[in-house]
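This structure is a prediction, so every number in the text was calculated from the model and none was measured. Note on naming: letters A, B, ... go to the chains in the order of the sequence lines (proteins, then strands), and numbering restarts at 1 for each one.
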Amino acid sequence: MLIVKEQDVVLFRNRVKEYAVKIGMGLVNQTKLITAASELVRNMLKYASGGAVLIEVITKGRENGIRLTFRDQGPGIPNVQQAMKDGFSTGKSLGLGLPGAKRLVSEFDIKSTVGEGTTVSIIKWKNG
Amino acid sequence: MDKIPILRMGRFLLVTIQVDLYDRLALNLESDLVQMVSKTGASGVLIDISALSIVDSFMGRILGNIGSMSKIMDAETVVVGMQPAVAITLIELGLELKGVHTALNVEKGMELLQHKIGFMHEEEDAGDSSIE
């Protein structure tokens, strides 16, 4: 799913919710996943003027989950470690986006190359 | 252009957010509300977020901003009706919604506002009498 404007954020959140409901994820985990997704998609819009998100249902053993992969071709993050710290922001925000999103999901992976873009992938297990 | 309606009820302003807001809409609400506080001289703002299924750091910041802005305009802000899942998520995210009062529902929120404002007036009255 392509994200290029603000209104896409709401559509995207609804799409994630549909997937989460489909695998029977509980309300609290749903809310956590959607909130994390919202933070990441907002970052993508703000710093890279948009990008693409892949939504997948994945299975590990008996556990179902949802994996979201956010890929953009923005400026990249020079210091990922710093960006993952609470309260660090280059924009005028609270600096909770990346570290907050990480706390809300089961698995979090970020890869960024300056000048090429950033890829973030998160997994939320149904009961995780 | 979509707009979130702001209702006036006595000395309070009421806002019920019924849809998931996109950023522009939230920012408009923030500025509209502060202008309404100034125009009407309202002493309380009540924001019902019971229909919001998620509050992310951006929305949290907007709520906090509304609280702080209203405060320096001499109005108290109460956010009511937060869903439990939203509360859990907000705290894990690291957002504490400082600067805004919260209440379980509209009724309790109203009571809280009335109490806060009543209290402020008592203080004013006490101040007046001591001058005399």
Revision key, fill the gap. To the nearest 0.5 Å, atom CD1 of B/Ile88 lies from atom NZ of A/Lys32 at 6.5 Å

Check your understanding: Same cluster or not: are B/Leu97 and B/Leu33 linked, directly or through other Ile, Leu, Val, Met, Phe, Trp or Tyr residues, by side-chain heavy atoms under 4.5 angstrom apart?
Key -> yes

**Study point:** Derivation and outcome, side-chain contact (heavy atoms from CB on, under 4.5 Å), residues A/Lys46 and B/Asp23
**Key:** CA-CA 11 Å; A/Lys46 188 167 160 194; B/Asp23 299 9; over 6 Å; no

**Study point:** B/Val19, part contacting chain A, at a heavy-atom distance under 4.5 Å
**Key:** neither

Review point. Considering all heavy atoms of both residues, which atom of A/Val28 and which atom of B/Thr89 are nearest to each other, and what is their separation?
Key: O-OG1, 4.4 Å

Taking only distance into account, with no hydrogens and no angle test, what donor-acceptor pairs under 3.5 Å do side-chain atoms of residues 103-110 of chain B form with protein atoms, sequence neighbours excluded?
unit_1	atom_1	unit_2	atom_2	d
B/Asn105	OD1	B/Glu107	N	3.3
B/Asn105	OD1	B/Lys108	N	2.8

Exercise for review: Report the distance from atom CZ of B/Phe58 to atom CG of A/Asn43, rounding to the nearest 0.5 Å.
Suggested key: 12.5 Å

Review point. Where along residues 53-75 of chain A does a heavy atom come under 4.5 Å of chain B, listed by residue number?
Key: none

Review point. How about B/Leu93 and A/Glu39: do any of their side-chain heavy atoms sit closer than 4.5 Å?
Key: yes

Check your understanding: Taking all atoms of both residues into account, what is the closest heavy-atom pair of A/Ser38 and B/Ile54, and its distance?
Key -> CB-CD1, 3.8 Å

**Study point:** chain B-proximal positions within residues 101-124 of chain A [heavy-atom distance under 4.5 Å]
**Key:** A/Ala101, A/Arg103, A/Leu104

Review point. Checking A/Val9 against chain B: side chain, backbone, both or neither under 4.5 Å from a heavy atom?
Key: neither

Exercise for review: Under 4.5 Å heavy-atom distance to chain A, tell me which part of B/Leu21 shows up: side chain, backbone, both or neither.
Suggested key: backbone

**Study point:** A/Val21: side chain to side chain contact (heavy atoms under 4.5 Å, CB included) partners, not counting sequence neighbours
**Key:** A/Lys17, A/Gln30

Revision key, fill the gap. dist A/Lys5:NZ -> B/Arg24:CZ (nearest 0.5 Å) comes out at 15.5 Å

Point to revise | Check: A/Ile34 and B/Ser53 side chains under 4.5 Å, non-hydrogen atoms | key: no

